[in-house]
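Side chains included, hydrogens not; waters and symmetry mates left out as well; all remaining heavy atoms used. Quantities reported herein were computed from a predicted structural model and do not represent experimental measurements.
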Amino acid sequence: SRSPLFSRNRIVKILINEEVIMKNKHIIGKVLLGGLCLMMLSQSCDKRDVFSYEADRALFFERWEQVGTNKYVRLDTVQYSFSHYVGAEDLEHRFKVNLIGNLLEEDMEYRVIVVDSLTTATKDQYTIKDPVFRKGRSSDSLTVILHKTPALKDKQVHLTLRLVENENFGLGYIGYTDVRVRFNDMKMKPLWWTKEIELAFLGPYSYEKLEAIVAANEGFTTFEGLDITTRRKIALNTKEYIRKHGITEANGDAMVIPIY
């Protein structure tokens with residue numbers, strides 16, 4: 001049999017090895033944590049990379065919005081099709097503008113220009129409301145009104161707007177000065193009409209079916225952000241509207257809403 005001394009030496013070696021392993025894990029953990037912190041710091045620095053300015057206050061456009069766990073949507077670039085808003089002649093969009101510095105004690109104008117080199121929309125296709133930042137607010141909005149014209153039936157156009165300095169405001173974060181709108185009046189499938197929506201609520205897309213949905217549900221614009229109960233109600237309203245008015249697809253086929 002092995003001596004007690006041998007057993008004790010073996011136990012000591014095992015304990016020493018375990019201690020070395022734990023120390024190595026601790027060191028690796030610190031390295032990984034340090035690397036993660038550096039990555040987070042570098043990402044936050046992207047947004048903190050500011051213009052050099054002497055103004056007491058500065059403005060920048062909001063770029064992202066969190067809409068779910070690890071899910072974000074772009075706010076500075078949007079797209080519209082008048083075909084998704086049956087009967088609408090004008091569409092309004094508001095871009096969020098944020099303030100750096102003390103809150104205002106009175107309303108102040110800021111300056112926005114159209115970037116000609118990045119714009120294909122004509123002046124009759126949009127209106128920019130007076131850019132005024134209201135007092136007592138840390139954020140406000142720039143309102144753009146899009147106008148439907150016959151030319152939009154055949155093509156998509158772009159409108160790019162840019163914040164520039166004036167006597168009231170400097171510029172905030174680099175890369176957060178521009179916003180863009182793409183819009184048209186072409187018959188195209190809405191982005192929210194996903195495979196999930198098709199299978200569970202509305203069936204295959206057609207423009208005629210979209211018209212029926214809008215007609216059957218006053219004020220409807222999108223399925224995005226709606227709960228299941230509301231989506232189901234919209235689908236059932238549409239199904240009843242189709243039955244009542246005898247609506248079919250353009251080729252005469254039955255218009256199907258697969259919900260009961």
Are F61 and K96 packed together at the side-chain level, in the sense that at least one heavy-atom pair is separated by less than 4.5 angstrom?
no
Just grab all the ring pair (Phe, Tyr, Trp, His ring centres under 6.0 Å) pairs involving residues 108-138, residues at least two apart or on different chains.
none
Between Y173 and Y176, how do the two ring planes meet: parallel, tilted or perpendicular, split at 30° and 60°?
perpendicular
Would you say that more than 12 heavy atoms from the other residues, nucleotides or ligands in this model lie under 6.0 Å from the CG of L191, or not?
no
With the side chain counted from C-beta on, respond yes when T127 and H147 share a heavy-atom pair under 4.5 Å apart, and no when they do not.
yes
Are the side chains of W193 and E198 in contact, using a 4.5 Å heavy-atom criterion?
yes
Side chain to side chain contact (heavy atoms under 4.5 Å, CB included) with V157: of T119, L152, L146, T149, only one passes, and it is L152
Side-chain heavy atoms under 4.5 angstrom apart, residues restricted to Ile, Leu, Val, Met, Phe, Trp, Tyr: same cluster for M108 and I128?
yes
Is a salt bridge present between E109 and R111, judged by a nitrogen-to-oxygen distance below 4.0 Å?
no
What residues, two or more places apart in sequence or in another chain, satisfy side chain to side chain donor-acceptor pair (under 3.5 Å) together with T160?
none
Check whether any side-chain heavy atom of R94 lies under 4.5 Å from a side-chain heavy atom of L142, and answer yes or no.
no
For F95 and H93, what are the C-alpha separation, side-chain angles and deciding distance, and is it a ring pair (Phe, Tyr, Trp, His ring centres under 6.0 Å)?
CA-CA 7 Å; F95 289 104; H93 185 83; 4.5 Å; yes
Inspect the surroundings of CZ in R137 and state if more than 12 heavy atoms from other residues, nucleotides or ligands are less than 6.0 Å away.
yes
Within the 4.5 Å heavy-atom criterion, are V112 and V164 side-chain neighbours or not?
no
Side-chain heavy-atom pair L210, K189 within 4.5 angstrom cut-off:
no
Min side-chain heavy-atom separation I213-L202 under 4.5 Å
yes
Can you list everything that forms a salt bridge (Lys or Arg N to Asp or Glu O under 4.0 Å) with R134? Sequence neighbours excluded, please.
D140
May I ask you to decide if V179's main-chain N or O and D76's side chain share a donor-acceptor pair within less than 3.5 Å?
no
Main-chain N/O of V97 paired with S139 side-chain donor or acceptor, under 3.5 Å:
no
In this structure, are over 12 heavy atoms from other groups packed under 6.0 Å from D130 atom CG?
no
If hydrophobic residues (ILVMFWY) are linked whenever their side-chain heavy atoms come closer than 4.5 Å, directly or via other members, who joins M186 in its cluster?
none
Side-chain donor-acceptor pairs of residues 218-235 under 3.5 Å, sequence neighbours excluded:
{"from": "T222", "atom 1": "OG1", "to": "E224", "atom 2": "N", "distance (Å)": "3.0"}
{"from": "D227", "atom 1": "OD1", "to": "T229", "atom 2": "N", "distance (Å)": "3.2"}
{"from": "D227", "atom 1": "OD1", "to": "T230", "atom 2": "N", "distance (Å)": "2.7"}
{"from": "D227", "atom 1": "OD1", "to": "T230", "atom 2": "OG1", "distance (Å)": "2.8"}
{"from": "R231", "atom 1": "NE", "to": "F223", "atom 2": "O", "distance (Å)": "3.4"}
{"from": "R231", "atom 1": "NE", "to": "L226", "atom 2": "O", "distance (Å)": "3.2"}
{"from": "R231", "atom 1": "NH2", "to": "F223", "atom 2": "O", "distance (Å)": "3.2"}
{"from": "R232", "atom 1": "NH1", "to": "Y260", "atom 2": "O", "distance (Å)": "2.8"}
{"from": "R232", "atom 1": "NH2", "to": "Y260", "atom 2": "O", "distance (Å)": "2.5"}

M188 and S83: which non-hydrogen atoms are nearest, and at how many Å?
N-OG, 3.9 Å
Please answer whether the main-chain N or O of D185 pairs with a side-chain N or O of K148 as donor and acceptor at a distance below 3.5 Å.
no
Please walk me through it: do H245 and Y241 pass ring pair (Phe, Tyr, Trp, His ring centres under 6.0 Å)?
CA-CA 6 Å; H245 295 276; Y241 184 87; 4.3 Å; yes
Contacts of R243 that satisfy side chain to side chain donor-acceptor pair (under 3.5 Å) - sequence neighbours left out
E240
